[in-house]
Amino acid sequence: MTVTLEHTHTGLRLASLAGAVALLAACSAAKVDSSKIHTVGAENFYADVITQIGGSHVDVHAILTNPNTDPHSYESNTTDASAVASADLIVENGLGYDAFMQKLEAASPRAGRTIINAGQVFGKHPGDDPHLWYLPGTMQRIAQLIADELSKRDPANAKEYEANRAKFVVSLAPWMDAIATAKRKYQGTPVAVTEPVFNYTASALGLDIRTPVSFQLAVEEGNDPAPQEVSAVTTLLSTKSVKSFIYNQQTVEPTTARLLDLARKSSVPVIGVYETQPAGMTYAQWMKAEVDAVQRALQSGKSTEKLP
Amino acid sequence: MVKVLDRPVRRGSKLIGYVSQRTVVDPELPLRGRDFVGFGLDGEKWGFSLPSKQRAAQVTEALRAVGALAYADAPVGKLSGGEQQRLFIAQALLSDPKIVLLDEPLSNLDIASASEIVKVVDGLRRSHGVTVLFVTHDINPLIEVMDRVIYLAAGRAAVGPVDQVVREEVLSKLYGYHVDVIRVGDRVVVLTP
Amino acid sequence: MLADPGVVQALLAGVIVAALCGFVGVFVVMRRQSFAGHAITDVGFTGGAGAPLAGLDPLAGLLAFSVIGSIVMARLGDKIRERDVATGVVLTASLGLGALFLFIQTRYVSQPAALLFGSIFAIRSGVLLTTMVVGAACVIALAILYRPLIFSTVNPETAAARGVPVKFISTAFLLIMGVAVAEAAQLVGVLLTTALLIGPASAAITFSRRVPWAILFAVIFGAVQMTLSIFLAYASYTWPPGGKGWPVSFFLGVLALGTFVIARFFSAGDSRRSESNEA
Amino acid sequence: MIELPYMQNAFIVGALVSIVAGVIGFFVVLRGASFATHALAQIGFAGAAGAVLIGVEPVWGLLAFSLLGAGGMGILSARGSARDAITALVMTAALGTGALFLVLNRTYATDAFSLLFGTIVGISRTQVAATAALAVLSLLTVAAMYRPLLFATVNTEAAHARGIPMQVLSISFLACIAIAATTTIPTVGTLLIFALMVAPPAAATLLTDRPWRAIGLGIVLNLVCCWSGIALAFTTGLPVGFLIASFAALVYIGVRVYTTVTAP
């Protein structure tokens with residue numbers, strides 16, 4: 001490189017300037033507390049579960065945290081990269097949902113790092129619906145894996161991890177109960193959705209999702225949905241053939257916005273579901289709140305566009 | 001203060017027709033010779049020109065004056081250099097100017113087209129009564145038709161009627177080296193080494 | 001198919017955008033500013049994404065950014081070669097800002113792909129009206145600029161000598177184009193807008209001898225291509241592999257390129273003939 | 001910061017990309033090919049979507065499509081005029097085809113989308129090695145074409161008369177952009193490769209008239225933008241794409257203002 005730089009004095013000065021900036025930046029590298037187990041949750045709900053189980057013995061970094069962030073448009077930053085670089089345990093969703101994680105991990109190889117990839121844990125394949133956290137049972141299994149891993153790394157506190165795990169599973173009970181109750185009442189109820197985010201829970205509730213799958217994927221990918229499908233979904237709403245309209249309130253694009261208008265106009269109750277865990281809620285509270293919203297919509301026709 | 005036609009100099013004037021140094025016209029431009037020439041009439045006015053018989057007649061007249069009627073409806077960009085040059089001149093004529101400035105109109109033209117253009121310009125200045133300021137590097141095609149010459153060379157100038165300026169001793173002094181001026185019959189030829 | 005209100009809405013929007021783009025596109029192609037025409041859509045979207053962060057309406061941000069972007073492009077790029085770089089620099093800056101807005105907040109930014117492809121079959125009726133008003137304003141503004149704009153495109157030096165404010169005209173043109181194109185893009189997406197802006201106009205120009213005809217042809221080509229694409233997209237639902245509507249962007253992209261190639265093929269034959277006549 | 005492997009990788013790839021973009025960018029600016037650069041980088045998306053559809057690594061689709069695009073642009077603009085219109089049309093046709101691939105695929109195709117920004121802090125050693133190899137390859141290609149390319153760029157007619165095959169040359173150059181762009185896109189993203197191929201090299205050509213100096217200065221300016229962007233991203237946590245792109249644009253505008261003010 002110096003060979004090229006010799007051509008110009010201005011160039012040399014500029015290059016040394018860049019070097020100076022780089023050095024300056026080097027002085028303020030992040031400090032890491034070495035007494036704790038470093039963990040990363042690729043999404044904030046996985047981070048939440050790690051926190052609940054590890055308590056004060058872990059330090060947790062969540063990557064997708066902003067309920068207004070869409071993983072499609074996430075650009076990795078250095079904070080996230082350095083957290084991954086120093087992590088002992090990483091929990092990620094996989095199935096292409098957080099492909100940036102595999103890149104960050106490859107960029108910072110670390111011996112003895114454990115990665116829990118939910119997609120792999122459940123034997124799913126790329127192309128399957130990646131929104132595993134809406135699938136009842138997922139987090140119980142993930143929590144077990146986290147507790148085991150923490151106990152292995154820190155046997156002294158193994159009992160505490162196990163107790164926390166059990167407490168976490170208990171905290172999920174109201175959600176599981178709500179699902180069971182709602183399923184008895186509303187099995188087979190027709191609903192419309194925009195994106196596949198909530199489909200695992202919807203299926204667990206026995207709801208009949210009337211929106212064509214290819215329409216859901218087109219909206220998810222920002223592609224142009226077919227006119228026949230737009231028209232089918234429009235008819236579902238305008239004729240009130242569905243009892244509720246479920247949309248991803250984190251990414252509202254023209255198609256969703258238009259259908260949302262239509263649902264409000266036809267007084268079909270709408271439910272805004274979250275792709276990422278909303279602030280001020282635990283995973284269990286969030287999941288329960290979503291099912292409650294469905295219950296409210298189907299029972300009394302009330303819309304829940306935002307969780308409190 | 002410099003005055004032109006008894007007026008102070010300002011940007012943009014209809015009284016001066018201007019033919020710029022030949023610019024390349026995009027061969028794909030959707031513009032006929034006729035439309036191109038039409039800009040000379042009202043190109044600087046806002047809006048678009050409405051079809052009018054009078055306007056069309058004026059454009060046709062300008063085209064006839066430069067002998068460009070034959071290709072008036074062909075796309076400008078696809079015409080030859082000499083043909084385009086005639087259109088440029090017709091365009092400059094349309095504003096009914098008192099002075100026409102031609103900046104190197106003969107560059108890039110073959111000998112036949114160049115002498116055609118000179119003939120056209122000479123005819124126009126007589127028929128339309130305009131002053132023509134003709135900038136050129138090669139004086140020879142113009143010698144017969146010029147009234148006055150401003151001969152610029154090596155930072156010096158010689159001004160005057162043709163027979164006073166285009167002489168061996170005047171030009172040789174101007175250039176600082178020997179220049180031949182040869183008379184062949186009625187014609188005068190300047191030979192610079 | 002025409003019983004489907006979504007399709008009717010799409011046809012209406014498509015034809016309106018095609019007409020607007022055809023009109024503006026003739027000037028864009030004549031002035032060789034296709035890059036600016038495409039880039040300004042991205043610039044506009046960055047504004048649309050940033051506006052909510054400042055508590056403003058996305059449409060205001062879209063218009064503000066396309067206006068600022070066009071002015072900066074015009075100021076930076078006088079000569080043709082500079083223009084290319086000027087457009088590139090403005091595009092770079094706006095994509096960078098877009099990355100920042102995405103970082104702060106993505107709800108209104110939505111996915112890059114959604115902005116690219118748009119969703120012509122799901123247009124809200126209110127948006128259509130705004131586009132028509134803004135589009136009509138752009139067409140009127142261009143009609144006012146018409147003569148000096150063409151004059152200074154064809155023959156800038158003579159135009160300047162005749163008192164045409166060449167620099168002002170080129171800035172004003174970029175500005176009008178920016179507003180028209182950004183507005184069209186938020187209705188039907190970047191891809192359809194760019195294809196409609198450049199395709200029909202460049203095909204029309206290859207064999208028109210007059211600007212008004214070129215505009216007329218461009219509008220007709222655009223409207224036909226758009227209508228055909230919507231029909232094909234509708235029909236393709238039953239094509240193999242079945243139950244998958246092929247996107248309008250695909251049909252229009254291919255039709256726009258195809259029409260241009262065919263038009264150029266014929267005009268190439270045409271110009272060879274006229275050359276041999278001269279010889 | 002320097003001791004972290006991912007930062008080392010980021011700085012190394014940043015430097016490689018700066019060099020390649022600086023060299024190719026010089027010609028991009030001289031030939032007025034910014035639009036083609038933008039289009040070729042965008043076209044890659046369609047290729048990636050196609051590769052996902054048939055189950056191949058996205059990078060091959062990226063490469064195949066942008067090479068096809070380069071060929072299409074080169075062949076169609078053989079007659080000279082309307083080059084920018086052809087670029088736009090080839091780009092929209094290719095992107096439309098990408099949309100079709102997405103539709104036909106109909107599974108979660110997240111891979112095709114992460115191309116705009118890339119993941120400059122997520123580059124592995126293997127990718128560094130691959131980028132280095134490709135950087136050397138594109139530099140060698142440009143070196144081989146250097147003289148005729150420069151000649152043809154500054155004096156098209158004379159080069160044509162001297163028997164330089166213009167169409168082959170211009171297609172090869174577009175292919176060169178395509179290869180350089182698509183091989184760096186998975187690491188640094190569409191945005192950055194475009195920014196670095198246009199703005200700093202353009203600033204460099206404003207500052208000097210000599211080709212070698214312009215290339216060298218372009219590389220240096222690229223390095224300044226790239227490294228300070230990465231370093232600042234590390235300290236502030238702001239997105240790298242935003243920082244580098246803004247620096248690149250600012251460098252150009254700054255130099256434009258400087259040369260305008262100091263011009264005689």
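Convention: sequence-line order gives letters A, B, ...; per-chain numbering from 1. What's counted below: heavy atoms across the whole structure, side chains too, no hydrogens, waters or symmetry copies.
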* Asked: Should the pair C:Phe251 and C:Trp246 be assigned to parallel (<30°), tilted (30 to 60°) or perpendicular (>60°) ring geometry?
  -> parallel

* From C:Val188, C:Ile120, C:Leu191, residue fulfilling side chain to side chain contact (heavy atoms under 4.5 Å, CB included) relative to C:Ser249 -> C:Leu191

* Of all of C:Val90, C:Leu257, C:Val72, which one pairs up most often with chain D through heavy atoms under 4.5 Å apart? -> C:Leu257

* Structure fact -> For D:Thr236, the side-chain contact (heavy atoms from CB on, under 4.5 Å) test, sequence neighbours excluded, returns D:Leu232, D:Leu238, D:Leu243

* Contact winner vs chain C - D:Ala85, D:Ala199, D:Gly98, heavy-atom pairs under 4.5 Å -> D:Ala85

* To do: Examine whether an atom of C:Ser202 lies under 4.5 Å from a heavy atom of chain D, and if so say whether it belongs to the side chain, the backbone or both; otherwise answer neither.
  => side chain

* Taking every heavy-atom pair that is under 4.5 Å apart, which of C:Val89, C:Leu255, C:Leu192 has the most such pairs with chain D? -> C:Val89

* **Flag, side chain of C:Thr46 to backbone of C:Ser94, donor-acceptor distance under 3.5 Å** => yes

* To do: Pick one of side chain, backbone, both or neither for D:Leu250, based on which atoms fall under 4.5 Å of a heavy atom in chain C.
  => neither

* Structure fact -> chain D shares the most heavy-atom pairs under 4.5 Å, among C:Val29, C:Leu76, C:Val261, with C:Leu76

* Asked: So which of D:Thr260, D:Ile244, D:Leu95, D:Val198 has the largest heavy-atom pair count under 4.5 angstrom toward chain C?
  -> D:Leu95

* Asked: Which atoms of D:Val90 come close to chain C, meaning under 4.5 Å heavy atom to heavy atom: side chain ones, backbone ones, both, or neither?
  -> both

* Identify which part of D:Ala33 has an atom lying under 4.5 Å from any heavy atom of chain C, answering side chain, backbone, both or neither. => backbone

* Check for a donor-acceptor pair, side chain of D:Arg31 on one end and backbone N or O of D:Phe173 on the other, with a separation under 3.5 Å. => no

* **Aromatic plane relationship, D:His38 with C:His38 - under 30° parallel, 30 to 60° tilted, over 60° perpendicular** => tilted

* Asked: Does C:Ile205 offer a backbone N or O that forms a donor-acceptor pair with the side chain of C:Ser208 under 3.5 Å?
  -> no

* Structure fact -> Ranked by heavy-atom pairs below 4.5 Å to chain C, first place among D:Ala249, D:Ala245, D:Ser34 goes to D:Ser34

